[in-house]
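Take a look at the structure set out below.
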Amino acid sequence: MIRIAFFGTPEFSVPFLTALVDDPAFEVVAVVSQPDRPSGRNHEIVPTPVKSVALDHQIPVLQPSTLRDESVATTLRSLDADYFVVVAYGKIIPQAVLDVPRLGCVNVHPSLLPKYRGPSPMNWAIAEGDATTGVTIMLLDAGMDTGPILSQTSIGLDSDETMETLMAKAHEQGVPLLVDALKRFAAGEIVPVAQNDELATMTKLLDRDDGRVNWTLPMATIERRLRAYQPWPGLWTVWTRTLPSPLKGEGQGEVYVRLKIHSLQPSDFRADLPPGTVSTKNSRLFVDCSDGTIEILELQPEGKPRMSAEAFLLGYSDVNGAMLG
RNA sequence: CGCGGGGUAGAGCAGCCAGGCAGCUCGCCAGGCUCAUAACCUGGAGGUCGUCGGUUCAAAUCCGACCCCCGCAA
């Protein structure tokens, strides 16, 4: 029986954990996850998805605030693990911890390493419009996704690929790949292959402002980002709206309305307006960007439910001619 | 006690601050007009104004409590 400690935090990690738990060749002796944090509308403390699953299976859970602590290392050593399996844990693992498991720390990285090292490989593959990406099983070393590769599989990206569909593919292909690699490496059947650092590319962590639409970009880029930036940060833009009759206490009668864009498509219609300018036609909503006109199909004003462009226009007809940004 | 927006006809909204006829755009129904339309005209149906309580001659509007939806944040 191969003894494993599983390091993971978000929903993405869960299918990997459950596969290891369900496989009789493995014994998951502990789960390490990020500390529970305040979340949701009332800032309630909620357990991480990985923690919830671990508790369901009566697996001990560790949630150290840092791994750079001798008492944590001691605890991890006491597990007597063959592998630490790391899937989207969310923190850099220090060398002192990497050295603990007998066979090493195995990481699942959803890209074709050395391409797209770093925290957002799947988002990047979609945003760049790549035809293929993949899942890599690798041994962790001190660098960021720089360790030697155990096994790799490629995934075809469709023209309408979203983070949701891509994550499903990554699970479908990545879970058996991980299980197989763990068994074969333990049996001495895999020789790790070093990455070619000269081919390496990095991805950065997405932040809120990455979701703000730059209307001076081409249509295709904006459309790919819509698919790549789900479920967060999404795509949003700001409408500086002039109110017809402002309340007495309000300022100049101008208010910033944040619009979340849920669905759009490049359009044949060409309004030929400056980038970011809104136009409407037959109850349809268009915004110009650098090389054409995009039709907004579904959107959501801040504080309102998501709605079709047609419904939006019934109540916000003054958006016609506005400049978004 | 994290911050904030919202709930008014089937849909999207205005009206609230400053209490006094339940409104707008669209949809729906009926009729008309047109060679024609996602066009236009006429008429119509459709409402516990989120819920409960309070103030008032009078509450969608002011006050209190509660329910629900959403954005931020994480």
To the nearest Å, give me how far apart [atom1] ([X]) and [atom2] ([N]) are.
X: A:W232; N: B:rG71; atom1: CH2; atom2: P; answer: 14 Å
X: A:W239; N: B:rC13; atom1: CH2; atom2: P; answer: 11 Å
X: A:K260; N: B:rG71; atom1: NZ; atom2: P; answer: 5 Å
X: A:R258; N: B:rC3; atom1: CZ; atom2: C1'; answer: 14 Å
X: A:W236; N: B:rA73; atom1: CH2; atom2: C1'; answer: 14 Å
X: A:D207; N: B:rA73; atom1: CG; atom2: P; answer: 10 Å
X: A:R241; N: B:rG5; atom1: CZ; atom2: C1'; answer: 13 Å
X: A:N42; N: B:rC69; atom1: CG; atom2: P; answer: 12 Å

Using atom [atom1] in both nucleotides, what's the gap between [N] and [M] to the nearest angstrom?
N: B:rG50; M: B:rA59; atom1: C1'; value: 16 Å
N: B:rA11; M: B:rG46; atom1: C1'; value: 13 Å
N: B:rU55; M: B:rC63; atom1: C1'; value: 7 Å
N: B:rU51; M: B:rA60; atom1: C1'; value: 14 Å

Would a hydrophobic clustering, with Ile, Leu, Val, Met, Phe, Trp and Tyr connected at side-chain separations under 4.5 Å, put A:I126 with A:Y229?
->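 In one cluster with A:I126: A:Y229, no.
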Linking I/L/V/M/F/W/Y whenever their side-chain heavy atoms sit closer than 4.5 Å, directly or via other members, would A:V179 and A:Y83 fall into one cluster?
->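 Yes, A:V179 and A:Y83 fall within the same hydrophobic cluster.
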Among the nucleotides [options], which one has an atom lying closest to any side-chain atom of [X]?
X: A:R284; options: B:rA38, B:rG71, B:rG12; answer: B:rA38
X: A:R208; options: B:rA73, B:rA74, B:rG71; answer: B:rA73
X: A:S39; options: B:rC13, B:rA74, B:rC72; answer: B:rA74
X: A:R41; options: B:rA73, B:rG12, B:rG71; answer: B:rG71
X: A:L314; options: B:rA73, B:rA11, B:rC13; answer: B:rA11

Return the residues of residues 43-51 of chain A meeting this criterion: a heavy atom under 4.0 Å from some atom of RNA chain B. Order them by number, or give none.
->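 Close to the strand are A:H43.
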State whether A:R225 and A:D210 are salt-bridged, where the test is any N-O pair (Lys NZ or Arg NE/NH1/NH2 against Asp/Glu carboxylate O) under 4.0 Å.
->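 A salt bridge is absent here (no side-chain N lies under 4.0 Å from a carboxylate O).
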Qualifying salt bridge (charged side-chain N to carboxylate O under 4.0 Å, His left out) pairs with a residue from residues 166-184 of chain A, counting only residues at least two apart or across chains =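 Salt bridge (charged side-chain N to carboxylate O under 4.0 Å, His left out) check on residues 166-184 of chain A returns A:D23-A:K183, A:D158-A:K169, A:E161-A:K169, A:D180-A:R184, A:R184-A:E189.
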Residue pairs passing the salt bridge (charged side-chain N to carboxylate O under 4.0 Å, His left out) test where at least one lies in residues 128-157 of chain A, sequence neighbours excluded |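 Only A:K115-A:D130 qualify under salt bridge (charged side-chain N to carboxylate O under 4.0 Å, His left out).
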Residues A:T133 and A:W124: side-chain donor-acceptor under 3.5 angstrom =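 Distance-only check fails for A:T133 and A:W124.
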Select from A:G303 and A:L313 the residue whose nearest nucleotide in RNA chain B is closer to the 5' end of that strand.
->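 Checking each residue's closest nucleotide, the 5'-ward one belongs to A:G303.
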Identify the heavy atoms of A:P64 and A:L67 that sit nearest to each other, and give their distance.
->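 Of all heavy-atom pairs spanning A:P64 and A:L67, the closest is CG-CD2, 3.7 Å.
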So what does A:Q300 hit on the nucleic acid, given a heavy-atom distance under 4.0 Å: a base, only sugar-phosphate, or nothing?
->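 The answer is sugar-phosphate, as A:Q300 gets under 4.0 Å only of primed atoms, P, OP1 or OP2.
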At what distance, to the nearest 0.5 angstrom, does SG of A:C289 lie from CG of A:L273?
->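 Separation between the atoms: 11.5 Å.
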